[in-house]
Each structure stands twice: as structure tokens, then as C-alpha cells.
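These notes concern the structure reproduced below.
Only heavy atoms go into these numbers, but all of them, side chains included; no hydrogens, no water, no symmetry mates.
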2 protein chains.
Amino acid sequence: MVAIMTQVTTSKKAALPSERRAHLIQLAGDLFAEKGFRATTVREIADAAGILSGSLYHHFDSKESIGDEILSAFLDDVLVGYRAAVSETDDPRAAIESIVRSSAATLNRHRAALAMLENDWSYFSGQPRFAYLRKAMKEIEKTWVRQLERGKETGQFRADLDARLTYRLLRDILWIPTFWRQGQGSGWNSDQIADGLLRLLFDGITTHP
Amino acid sequence: MVAIMTQVTTSKKAALPSERRAHLIQLAGDLFAEKGFRATTVREIADAAGILSGSLYHHFDSKESIGDEILSAFLDDVLVGYRAAVSETDDPRAAIESIVRSSAATLNRHRAALAMLENDWSYFSGQPRFAYLRKAMKEIEKTWVRQLERGKETGQFRADLDARLTYRLLRDILWIPTFWRQGQGSGWNSDQIADGLLRLLFDGITTHP
DNA sequence: CCCGACCGAGCAAGCGATTGGGCAACCGCG
DNA sequence: CGCGGTTGCCCAATCGCTTGCTCGGTCGGG
């Protein structure tokens, strides 16, 4: 229940939120998720909104600023969820489970941002404007690794677990099902996926004696 | 040991293989993997090869045909490996393990194709020229699901396992580490990754009594 | 002397971005 | 009520540049 309000990213402009504006971001995000940020043109975004490309610049000052808002909003959400997850328990396994469920819920609301990070990471991470990306990613990694290491110390997780390797696997595994929604609802909701994943995580796929 | 030589994809032109040509495909694939197919320009490919963009069209008749060769070669390789894996054993668990190891080896040789499938799937799958993509994906799914179902029947895998959901998770999980090599060697080789994954798969991350 | 490999120049189309202006809805003020 | 001004939203037109691709010509090894 702890709502930590620390804003990580630095949004330069005020960017007052209007209804129309939010809708445009939504539309742009869908296109970015489907085709990648670089491969999406402002004309396509405008077409989806039913306006001309020039009209977009009444709401945003560049195509990059649209991407900026999508990405920063996502990372803020993720970090808020992670901080809450680790602060509400001392048990590593419970923390991991909480992190997984928090992620599943958050990712569901930010498909576009995730796709952009995967497809156009090299593009964004190279620009000074998006320096906050690397910073946020570091905190995410730190959060995961710490809980995994603590789980090893308490004997709940296997001692031979490579924490960093496991983190990379788990994080990326969590991100996967987000893309399945692209075509249409593929039959699984985020709870089902989180459950299946946790089951796989803790028990594997085999039957145990 | 059964080398099944059925070619799945339909490459329209002969496309006689020259050394230079293969090198160009390699260079183009690296760029496609890094930035996506649509976001990569023919001029960038030519620059990487040290020639002018127009000279590329001496070797290929379009940018798409470069992508075509990369993708079809990859899928042919995967299917050959899968067919061999399921034909060499009757034990579902052994088959799964064989599929995993075959995948890890094949994927390592086709990073570019994998990245293209992830980033630009909507672009390729929409074109008639790339219809073989959907066909190959169907066979891949069928192979996985069949072994998982058989494992449930023999009691080796959990009876409550959703075969299709598990397949989607496992397949995509297998694909993940391929991208880690993008930046530099991240410290893990394909054997380590396959082992870590199989361990996770069969046992989970927790300690068992 | 041929021929595969490449150059150099350029095409039409499309790109991101910018500008100036129009149009309706709303505001406070008389 | 009605009027002048403001604001939010969008169009039309255009800029300088990049895109995938074409094509006649050049060069060097076999």
C-alpha cells in the first residue's frame, strides 16, 4: 500500500495532459509496438488519428518526445511496483512472487514501451536524452539480484544458482507474453500467465515424488 | 543421424552462392539484428561492405530478397534439427532435451533471422512472399506440443500443464539468450545457457527435499 | 576480350519537421 | 444578451533530406 512517488525520469517540458493528447500517445504506442519506433512514420501516426502529420506538432514538439513520454511513464510505473514489492516483505520467495505479479500487471499496461525497448534499444540508449533508461534498468537488475541472492542465503533457492543469469532469464521471460497480445487476445490473461510462470519457476515442468 | 533433406521454403531464384555474396548477407544480417529490417537502409549495408549502395543490386535484386535468404536458411535449419530430435528417441523428456539442445545450437548460428522474426514479424508475415514463415512456425509448434502432451500421458510431466502455453513460454525463453550476444560476449556460452535452462525447466529454482 | 564486380549519378517517392492560417468553442465584460 | 478576444485543434503547403532502386559506364583478372 505504499505509494512511492519518486519520479525517476526527467521530463523537460510541462506537457500538460489533455484527453486528446493521451489518445494520440496510445495510438502512436500501438504503432511503435507493431513496427518499431524508427520504422514508424509520423504520417502513419497521424493517419491512425485521422489528422494530418503536421497537426501532430501542435501536441508534441517531435516524434522523439512521444517516445520519451511512453518510455518514462513505463519505467516510473515499474520502479514504483518493484519498490513496493520488496518493502512489504522480508521473505525472498514472497518478494520474487510479488515482483513477478507486479511486473505482469504493469507490463500489461505498457506493451508499447516494452516493444520499443526491445526493438530500438540501440537507438534510444545511445542518445543523452534517454540516459534515464540505463539508470532505471540498473535499479531493476539490482532489485532482482538482491532477492535471488538472499534466497540463496536462506536456503530457499538452489545454491548453485547464478543470480545474474537467472535474473536475465526471468526478466526476459516475464516480458515475453506481453507481445502475444499483438494479434488478438491469445486466450490467456495476465493472471493465468503469472501463475503458469510462477509454477514453472518454483517447480519446473516435471512431476516430483 | 538421420539427415532429412526436405527443403521447406521456396526460394524462387537459383541465387548461386559466391563467397562475396555470403559475406554481404552476413553483414546485412548483423545490421538487421541490431536495428530491425525496416529501419536498416541499403546504404548502411553497402557502407558496412565498403561499396556503394547501387552495387548491392549486382548481387541481390531487392532488399527483401536479402531478408528472404536469411529467414529461409534459418527455418530450414531449425526444422532439420527438430525432425532429427524427435526421430531419435521415444522418450518425451529426452526428446524435449534434444529439441532444446538443437535449438540452442541452431539459434546461435542465426541471430539475425531471430531478431528479424521478433522485430519485423508483422511486416514479413503480411507478404505472400514470406508465407512459408507461418507454415514453418506451425510445424515448430506442433513438434513441441506433441512431445509435451506425450510427456503428460506417460506421467513424466505435470498433468495440469497447458501444453500450448508451455510451448510458447519455452520457445520464446530459448530465443532470449540469443540477443544477449548483441553487445559483446556476455560471459555465457550456448552450452551453459542450455544447461541452465534445462535445469530450470525440470527442477525450478527452489531446493527440493 | 570478356565478364563479374563496382562506381557515379540520379530518379521518384516518401521522410521528419515547420509554418501560417482558419475555424469553432469558450471566456469575461459591458 | 452580445460582442471581442482567447484558446485548442487542425489543415494546407512546403522545406531539405533520405529512401529503395536504376542504369550506363569503368576497371582488372582470367
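Backbone-only engagement by B/S62 is indicated by non-hydrogen atom pairs under 4.0 Å involving sugar-phosphate atoms exclusively. At a threshold of 4.0 angstrom between heavy atoms, the contacts of A/I51 are confined to the sugar-phosphate backbone, with no base atom among them.
Side-chain contact annotation: A/Q147 with A/Y167, donor-acceptor N/O pair under 3.5 Å absent. A side-chain donor from one of B/Y123 and B/E64 sits under 3.5 Å from a side-chain acceptor of the other.
Residue B/H59 places no side-chain N or O under 4.0 Å from the OP1 or OP2 atom of C/dG4. A close approach under 4.0 Å does not occur between any side-chain nitrogen or oxygen of A/Y57 and OP1 or OP2 of C/dT18. Contact annotation: B/R20 reaches the phosphate of C/dC6 (side-chain N/O to OP1 or OP2, under 4.0 Å).
If you measure from atom CG of B/L56 to atom C1' of D/dC23, you get 15 Å, rounded to the nearest angstrom. If you take OH of B/Y123 and C1' of D/dT19, they are 12 Å apart, rounded to a whole angstrom. Summarising the geometry, the separation between NE2 on B/H58 and C1' on D/dG20 is reported as 19 Å, rounded to the nearest angstrom. Between B/E64 atom CD and D/dT19 atom P the separation is 17 Å, expressed in whole Å. If you take CD of A/E19 and P of C/dA25, they are 18 Å apart, rounded to a whole angstrom. Taking atom CG on A/L52 and atom C1' on C/dC15, their separation rounds to 15 Å, with Å as the unit.
Within the cation-pi definition used here (under 6.0 Å to the ring centroid, within 45° of the axis), A/R146 does not qualify as a partner of A/W144. Remark: A/K63 fails to qualify as a cation-pi partner of A/Y57 under the 6.0 Å distance and 45° angle criteria applied to the six-membered ring.
Mapped onto DNA chain C by nearest heavy atom, A/R43 and A/S55 fall at different nucleotides, with A/R43 at the one closer to the 5' end.
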